[in-house]
Amino acid sequence: MQKKRAVTRLGRLLLLLLAAALLCAFVACHRGSDVPLSPGLKMIEGEPVHDDKVAMRTDHFTVTPAMMAFFFYDYGGELMAVMEEQKKFDPEKTLHDQLFTEELSWYDVMMNETLAKVSEMLIYCEAARDEGVSLTATQLAAIEDEISALAMQAAGYYGMTVDEYLQGLYGPRMNADALREVLKLELLATSYSSTVSQRLEQGITEKDIEDCAAAKGLTDKTPSRHIAYVLIPYVNGKANDSKVNEVLSALDAAPRQETLQGYASAGTVGVEEHMTPENTGVPGIKEWLFAADRRVGDHGRAEVGEYTYVLLYTGNGMSYAHVSARMHLYDTAYANWYNGWVEALHFGYNYDVIDSYDIS
């Protein structure tokens with residue numbers, strides 16, 4: 001469960017935004033053009049942009065300062081929670097003014113992650129545009145529904161307009177229009193990333209895998225594992241035990257993948273194949289799936305963030321050695337695809353904007 005792909009917030013945005021209001025107090029602050037760009041920031045080579053309405057852009061897509069604030073406080077904020085498990089953050093100092101590593105500030109680490117994800121998203125969008133792919137009317141309508149739902153919740157929970165609520169989280173430039181553009185970019189990138197993944201995977205043959213495993217000396221014959229799952233969101237901050245137990249009971253009677261299809265209305269139904277301890281990126285799922293006594297047909301639950309995974313172990317796949325070889329081949333193919341777009345596109349950055357966010 002660790003493919004390279006853009007991740008959309010559609011369907012979970014409301015939960016994240018409401019949670020963010022309770023967990024943190026992020027603000028955008030202008031550091032000023034007389035303050036040098038942090039030397040620890042890393043970005044794809046590009047040109048400076050002197051336009052207050054632009055934070056970053058490629059040939060056909062633009063990320064505004066408000067949009068970049070959203071990405072930074074979401075991507076970076078999520079990373080910051082992980083970073084705080086390793087090192088205590090001093091709330092008396094800014095992100096810029098305290099080091100996380102010997103060379104990089106907390107801000108550097110968080111913004112570098114943000115820039116990497118935003119760059120990947122824009123590359124997917126450019127590739128989609130190049131192929132004539134755009135959002136459908138249904139997808140655009142889903143975005144409007146999401147913003148309308150957020151507006152209702154902002155009014156109901158906080159007595160605010162949606163713009164006031166977003167500005168309280170992401171600074172005075174943030175509003176529903178900026179959020180709409182964020183969702184458009186992310187949804188286009190997510191949709192097209194599936195196309196890219198399928199093409200790259202289809203280009204890997206069994207002979208390629210065999211040859212790669214031999215060349216790398218990979219010999220572990222342990223079979224990988226397949227799962228099916230339903231991802232059920234929490235309700236009011238707690239696991240939806242009633243629905244989770246309903247699904248588990250259904251699996252008791254019929255431990256088959258088809259059983260889960262009947263619960264699509266409860267959450268996202270999906271499958272993951274050829275899983276190994278190495279490529280399973282979610283600790284809770286890894287612990288459950290690779291327990292010593294796990295058998296095909298077993299089912300259970302794992303809590304991940306604000307969701308419950310109801311899991312079914314459906315069968316086995318290729319050996320660990322072949323999974324590792326396939327992952328290596330896929331990563332190489334993806335890197336070639338990605339680097340080709342990096343070379344083809346022109347990136348622009350407003351360095352003042354990129355270095356202007358912080359927390360209070």
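Note that the coordinates shown come from a computational prediction; the quantities given were computed from them, not determined experimentally.
Residues in residues 241-266 take part in no ring pair (Phe, Tyr, Trp, His ring centres under 6.0 Å) pair, two or more places apart or across chains.
Between the side chains of Y334 and S197, no donor N or O sits under 3.5 Å from an acceptor N or O. Between H50 and N350, the side chains place no donor N or O within less than 3.5 Å of an acceptor N or O (distance only, hydrogens not considered). In the model, D163 has no side-chain atom that pairs as donor or acceptor with a side-chain atom of T161 under 3.5 Å. Of the N and O atoms on the side chains of E303 and T308, at least one donor lies less than 3.5 Å from an acceptor on the other residue. For D97 and T94, the side-chain atoms include at least one donor-acceptor pair closer than 3.5 Å. For the residue pair Q98 / S105, no side-chain donor-acceptor distance below 3.5 Å is found, with atom types taken as modelled. Using modelled atom types and a 3.5 Å distance limit, the side chains of S324 and E278 yield a donor-acceptor pair. Side-chain polar atoms of E47 and H346 form no donor-acceptor pair below 3.5 angstrom.
Of the charged side-chain nitrogens involved, none lies within less than 4.0 Å of a carboxylate oxygen, so that R326 and E273 do not count as a salt-bridged pair. Salt-bridge annotation for E84 and K88: absent, with no side-chain N of the basic residue lying under 4.0 Å from a carboxylate O of the acidic one. The existence of a salt bridge linking E181 and K184 is confirmed by a sub-4.0 Å separation between a basic side-chain nitrogen and an acidic carboxylate oxygen.
You'll find the side chain of C125 stays beyond 4.5 Å of the side chain of Y192, heavy atoms only. No side-chain heavy atom of Y357 sits under 4.5 Å from any side-chain heavy atom of Y170. By the 4.5 Å heavy-atom criterion applied to side chains, L185 and F61 are counted as neighbours. When side chains are defined from C-beta on, P223 does not count as touching Y320, because their heavy atoms never get closer than 4.5 Å. Contact of the T190 side chain with the M121 side chain is not registered, since no non-hydrogen atoms from C-beta on lie closer than 4.5 Å. Residues V271 and I227 have side chains not in contact (no heavy-atom distance under 4.5 Å, counting atoms from C-beta outward). A 4.5 Å side-chain heavy-atom check between F89 and M80 finds at least one atom pair inside the cut-off. Inter-residue side-chain proximity for Y309 and I285 is flagged as met; some heavy-atom pair is nearer than 4.5 Å.
Here Y307 and Y234 keep their ring centres 6.0 angstrom or further from each other.
Scanning for ring pair (Phe, Tyr, Trp, His ring centres under 6.0 Å) contacts around H274 gives H226, with sequence neighbours left out. In terms of the salt bridge (charged side-chain N to carboxylate O under 4.0 Å, His left out) criterion, residue partners of D241 (sequence neighbours excluded) are, by chain and number, R301. When the salt bridge (charged side-chain N to carboxylate O under 4.0 Å, His left out) test is applied to D208, no partner is found at least two apart in sequence or on another chain. Listed by chain and residue number, K243 satisfy the salt bridge (charged side-chain N to carboxylate O under 4.0 Å, His left out) test with E246 (two or more places apart in sequence, or in another chain). Looking at residues two or more places apart in sequence or on another chain, you find a side chain to side chain contact (heavy atoms under 4.5 Å, CB included) between R294 and R225, W288, A291, D298, Y313.
A single hydrophobic cluster is seen to contain both W341 and M56, as judged by linkage of ILVMFWY side chains at heavy-atom distances under 4.5 Å, directly or through other members. Note on M152 and L179: separate hydrophobic clusters, where clusters join Ile, Leu, Val, Met, Phe, Trp and Tyr whose side-chain heavy atoms are under 4.5 Å apart, directly or indirectly. Put simply, L41 and F71 are part of the same group of oily side chains (I, L, V, M, F, W, Y) that touch within less than 4.5 Å, one to the next. Under a hydrophobic clustering in which Ile, Leu, Val, Met, Phe, Trp and Tyr are joined whenever their side-chain heavy atoms come within less than 4.5 Å, directly or via other members, V323 and L218 fall into different clusters. Hydrophobic cluster membership differs between V49 and M68, with clusters built from Ile, Leu, Val, Met, Phe, Trp and Tyr side chains linked at under 4.5 angstrom.
Contact detail for L311 and L251: the closest heavy-atom pair is O-CD1, 4.4 Å. Closest of all the heavy-atom pairs between A55 and V353 is CB-CG1, 3.5 Å. Heavy atoms only, all atoms of each residue included: G46 and Y351 are closest at O-OH, 4.0 Å. Nearest heavy-atom pair, G267 versus P233, reported as atom, atom and distance to 0.1 Å: CA-CD, 4.4 Å.
Remark: I44 CD1 to E343 CD distance equals 11.0 Å, nearest 0.5 Å. Rounded to the nearest 0.5 Å, atoms CD (Q139) and CG (L188) are 8.0 Å apart. From I147, atom CD1 reaches atom CG of L183 across 5.5 Å, with rounding to the nearest 0.5 Å. In this structure, S148 OG and I143 CD1 are separated by 12.0 Å, a value rounded to the nearest 0.5 Å. Between the CG atom in L166 and the CG atom in L150 there is a gap of 5.5 Å [rounded to 0.5 Å]. Here H328 contributes atom NE2 and I204 contributes atom CD1; the two are 10.0 Å apart, rounded to the nearest 0.5 Å.
Shown here is K93, whose NZ atom has no more than 12 heavy atoms of other residues, nucleotides or ligands within 6.0 Å. Heavy-atom neighbours of D59 CG from other residues, nucleotides or ligands within 6.0 Å: above the threshold of 12. For D293, the CG atom counts as densely surrounded, since its 6.0 Å shell holds more than 12 non-hydrogen atoms of other residues, nucleotides or ligands. Summarising the local packing, CZ of R129 is surrounded by 12 or fewer heavy atoms from other residues, nucleotides or ligands at distances under 6.0 Å. Annotation: E103, atom CD; neighbour count of heavy atoms from other residues, nucleotides and ligands within 6.0 Å does not exceed 12.
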side-chain contact (heavy atoms from CB on, under 4.5 Å) assessment of F347 paired with R57: CA-CA 6 Å; F347 290 81; R57 70 185 179 201; over 6 Å; no
Can you check ring pair (Phe, Tyr, Trp, His ring centres under 6.0 Å) on F72 and Y107, steps first, answer last? CA-CA 10 Å; F72 178 69; Y107 187 85; 5.1 Å; yes
Determine whether T314 and Q257 satisfy the following criterion, side-chain hydrogen bond (donor to acceptor under 3.5 Å, both in side chains), listing intermediate values before the conclusion. CA-CA 7 Å; T314 59; Q257 184 175 329; 4.8 Å; no
Verdict with reasoning, I232 to V247, per side-chain contact (heavy atoms from CB on, under 4.5 Å): CA-CA 10 Å; I232 301 175; V247 179; 4.2 Å; yes
